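I have placed the structure first, in the form of structure tokens, so that the comments after it can refer back to it.
These numbers come from a predicted model, not from an experiment. The figures that follow rest on heavy atoms only: side chains count, while hydrogens, waters and symmetry mates do not. Remember, it's 1-based here, ligands and their atoms both numbered in the order they're listed.
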Amino acid sequence: AKSAGGNRFELADPEADARAITRHGLTTALPTALDRGEFFIEYQPLVHLGDGSVRGAEALVRWLHPQHGVLGPDRFIPLAEHTGLIVPLGRWVLEQSVRQAREWRERYGDGTAAGPLRINVNLSPCQLTHPGLVQDTVDILERAGVDPDALCLEVTESALIGADDDLLKPLRRLAEMGVDIALDDFGTGYSNLANLRRLPVSILKLDRSFTQSMQQFPADPVDLKIVEGIVSLAHSLDLAVTVEGVETGAQAEQLRILGCDTAQGWYYARPGPPERLHELALVDATG
Ligand code: C2E
Ligand code: CA
Ligand code: CA
Ligand code: CA
């Protein structure tokens with residue numbers, strides 16, 4: 001790649017070139033990153049829209065790369081899925097998060113009026129098809145002494161589009177045990193709303209794009225109608241609605257009026273270390 005052509009290519013788009021080099025480097029470093037302890041988890045609070053109390057948190061994984069610094073999941077989750085590392089990495093995230101939930105419970109007892117702080121963990125489609133999912137989850141919960149009710153697994157809408165019974169079976173087993181299943185990024189796929197009945201989900205996570213459309217005041221009346229419709233359908237199917245990406249108080253208020261149950265976003269808190277959640281929940285409990 002030291003040819004004149006290669007150079008011209010670099011000059012044409014040095015950033016794309018740098019990205020390609022980085023991607024190659026990341027792919028090489030990824031398989032050993034777990035053993036080297038380079039991953040860590042940040043937690044972002046989930047807040048009840050009605051009373052503002054912290055109800056739990058979503059676990060979001062990061063990679064502290066020795067050369068590139070902190071990398072967000074969008075940089076390496078696709079690579080981890082491609083290389084198969086996602087299965088042990090996902091298991092590690094689940095284990096850490098469940099232990100964290102246990103620690104929160106030890107601090108607060110059964111905590112807030114709503115009970116113990118709950119933990120939400122993202123599940124990649126590759127983990128869904130991995131035969132060890134149910135047993136691994138059971139083992140992790142048992143080892144930590146955490147009730148399945150305290151765990152919510154988030155699966156994207158697109159991972160479940162057209163899902164057959166084989167794919168849904170492990171999720172059904174987990175749901176029967178009391179684990180909540182949330183449909184993540186809801187509204188970005190093209191799933192048939194009637195299809196929701198078939199899925200073992202108990203929570204819809206409304207995609208950030210809906211929240212963004214609440215930024216202007218007054219919000220687009222069509223967007224309002226759509227969210228209102230989704231919320232009422234969800235509630236009629238006994239599903240709770242969580243909204244992502246809430247950045248302003250106006251959005252929070254609008255989404256509360258529309259009947260959404262729980263919210264997550266920078267308005268409340270950015271993802272952060274677990275101690276941060278302690279502080280937020282404590283402020284909440286005392287004030
Ligand atoms: P997600 O599950 O939709 O997570 C929400 C993303 O929105 C997070 O990005 C979060 O930091 C960001 N966010 C939260 N509040 C706001 C806000 O108010 N405004 C804006 N603009 N963004 C907000 P993050 O941490 O970069 O994660 C990106 C995606 O990576 C996640 O999207 C999830 O799909 C995936 N991911 C993260 N951790 C894991 C994991 O442990 N396993 C798997 N399979 N995927 C993960
Ligand atoms: Ca998620
Ligand atoms: Ca439950
Ligand atoms: Ca999401």
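Ranking protein heavy atoms by distance to atom 16 (C) of ligand 1, first place goes to W266 NE1, 3.2 Å. Looking only at protein heavy atoms, the nearest one to atom 29 (C) of ligand 1 is D74 OD1, 3.7 Å. When hydrogens are left out, the protein atom nearest atom 38 (N) of ligand 1 is V61 N, 3.2 Å; that is the closest non-hydrogen contact. Of all protein heavy atoms, the one lying nearest to atom 34 (O) of ligand 1 is N122 OD1, 4.6 Å. Given atom 27 (O) of ligand 1, the protein heavy atom at minimum distance is P73 CG, 3.2 Å.
Any N or O atom pair closer than 3.5 Å counts here, and R208 shares at least one such pair with ligand 1. Any N or O atom pair closer than 3.5 Å counts here, and E247 shares at least one such pair with ligand 1. Residue Q44 has at least one N or O atom closer than 3.5 Å to an N or O atom of ligand 1. Polar contact check, E81 against ligand 1: no nitrogen or oxygen pair lies under 3.5 Å apart. At under 3.5 Å, a nitrogen or oxygen of E58, whether backbone or side chain, sits near a nitrogen or oxygen of ligand 1. Distances between N or O atoms of L60 and those of ligand 1 include no value under 3.5 Å.
L183 CG to L239 CG: the interatomic distance, rounded to the nearest 0.5 Å, is 9.0 Å. With rounding to the nearest 0.5 Å, the separation of CD in E81 from CG in L79 is 9.5 Å. L277 contributes atom CG, which lies 10.5 Å from atom CD of Q44 (distance to the nearest 0.5 angstrom).
Applying the side-chain contact (heavy atoms from CB on, under 4.5 Å) test between V155 and each of L171, D184, L199 identifies L171 as the sole match. With W63 as the partner, the ring-ring contact (aromatic ring centres under 6.0 Å, His included) test is satisfied by one option alone out of F76, W92, F40: F76. The residue from L174, D180, I181, T137 that alone fulfils the side-chain contact (heavy atoms from CB on, under 4.5 Å) condition with L151 is T137.
Pairs of residues two or more places apart, or lying in two chains, never qualify as ring-ring contact (aromatic ring centres under 6.0 Å, His included) while including a residue from residues 235-267.
Tracing side-chain contacts under 4.5 Å through hydrophobic residues (I, L, V, M, F, W, Y), one never reaches L196 starting from I203; they form parts of separate clusters. The cluster map of Ile, Leu, Val, Met, Phe, Trp and Tyr, joined by side-chain heavy atoms under 4.5 Å apart, puts L60 and V98 in different clusters. In the hydrophobic cluster analysis, where Ile, Leu, Val, Met, Phe, Trp and Tyr join through side-chain heavy atoms closer than 4.5 angstrom, L85 is grouped together with L133. L204 and L46 end up in different hydrophobic clusters when Ile, Leu, Val, Met, Phe, Trp and Tyr side chains are linked at under 4.5 Å.
Side chains of E244 and Q264: no donor on one and acceptor on the other come within 3.5 Å.
The proximity of R62 to ligand 1, defined as any non-hydrogen pair under 4.0 Å, is limited to the side chain. Under 4.0 angstrom from ligand 1, there are no non-hydrogen atoms of V121.
Residue contacts with ligand 1 include G245, since one of its heavy atoms falls under 4.0 Å from the ligand.
In this comparison of L94, V155, D185, L89, the heavy atom closest to atom 3 (O) of ligand 1 sits on D185.
Proximity to V246 (heavy-atom distance under 4.0 Å) selects the following atoms of ligand 1: 18 (O). Atoms of ligand 1 lying under 4.0 Å from at least one heavy atom of P271, given by number and element, are 11 (O). Shown in contact with E244 at under 4.0 Å from a heavy atom are these atoms of ligand 1, numbered in order with element: 3 (O). Near S124, the atoms of ligand 1 lying under 4.0 angstrom from a non-hydrogen atom of the residue are 44 (N).
The Ca ion (ligand 2) sits nearest to atom OE2 when only the N, O or S atoms of E58 are considered.
The shortest distance between side-chain heavy atoms of V47 and S53 does not fall below 4.5 Å. With contacts defined as side-chain heavy-atom distances shorter than 4.5 Å, the pair V243/T262 does not qualify. Taking 4.5 Å as the limit, some side-chain heavy atom of V231 sits within range of a side-chain heavy atom of V227.
Less than 4.0 angstrom separates atom 24 (P) of ligand 1 from at least one non-hydrogen atom of the protein.
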Criterion salt bridge (Lys or Arg N to Asp or Glu O under 4.0 Å) on R256 and E253, from CA distance to verdict: CA-CA 5 Å; R256 187 188 65 77; E253 181 57 10; 2.9 Å; yes
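Shown here are the protein N/O/S atoms lying under 3.0 Å from the Ca ion (ligand 4), water excluded: D184 OD1, D185 OD1, E244 OE1, E244 OE2.
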